[in-house]
Amino acid sequence: QVQLVESGGGLVQDGGSLRLSCAASGRTFSNYVMGWFRQAPGKEREFVAAIKWSGTSTYYADSVKGRFTISRENAKNTVFLQMNSLKPEDTAVYYCAARQGTVYYVLAKRYDFWGQGTQVTVSS
C-alpha cells in the first residue's frame, strides 16, 4: 500500500522560507511522477510542482516558478519542496501526490495517491 507522509509545514513571515518533505513508501517509485499541490480555504486544489523519480526534469506552476524548488532523494524515497520568498497568498494546506507514469499532469484527479497534507501559513 502506498503511503505518502508530508512534514515541514508551519508559520512563517512574508518573505520567509520553508522546506516541505514527503516520505514515500509501499512500492518502487522509479516509474512515478511525484507532485505537490496546495489548497487554500474555499478554493480548489491547485498544482504547485512535480518531478519524476528518474532524470532531472521538473515542472512548476507559474505562480511559484523562481521561488519554489522541487527535488528528491532517491535513496530515502523522499521528495522535497523548498519554498523561498513566501507570500501570504501561498498560505494553504500542501499535499504530496503520486501517479504512475512519466507524464506531468496539473489536474489533481490524475494523481492516484495522496498524503494527509501539511499546513503552511505565511503572515503579512
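Quick note: residue numbers are just sequence positions, from 1.
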>> Are Trp36 and Val106 connected into the same hydrophobic cluster when the rule is that any two of I, L, V, M, F, W, Y join if their side-chain heavy atoms are below 4.5 Å apart?
In response: no
Check whether any side-chain N or O of [X] sits under 3.5 Å from a backbone N or O of [Y] as a donor-acceptor pair, and report yes or no.
X: Arg19; Y: Phe80; result: no
X: Thr91; Y: Glu89; result: no
X: Asp14; Y: Pro88; result: no
X: Gln116; Y: Glu6; result: yes
X: Gln39; Y: Lys43; result: yes

Atom pair [atom1]/[atom2] of [X] and [Y] - distance to nearest 0.5 Å:
X: Lys52; Y: Ser30; atom1: NZ; atom2: OG; value: 13.0 Å
X: Gln1; Y: Ser25; atom1: CD; atom2: OG; value: 9.0 Å
X: Thr28; Y: Asn77; atom1: OG1; atom2: CG; value: 8.0 Å
X: Phe29; Y: Ser54; atom1: CZ; atom2: OG; value: 14.0 Å

Any chance the side chains of Ser17 and Asn84 put a donor and an acceptor closer than 3.5 Å?
yes
*Does atom CD of Glu44 have more than 12 heavy-atom neighbours, drawn from other residues, nucleotides or ligands, at distances under 6.0 Å?*
no
Would you be so kind as to tabulate the donor-acceptor pairs closer than 3.5 Å made by side chains of residues 93-102, with sequence neighbours excluded?
residue, atom, partner, partner atom, Å
Tyr94, OH, Arg38, NH1, 3.0
Tyr94, OH, Asp90, O, 2.6
Arg99, NE, Arg110, O, 3.0
Arg99, NH1, Val103, O, 3.2

Here the ring-ring contact (aromatic ring centres under 6.0 Å, His included) pairs for residues 96-124, sequence neighbours left out, are Phe37-Tyr111, Phe37-Trp114, Tyr59-Tyr104
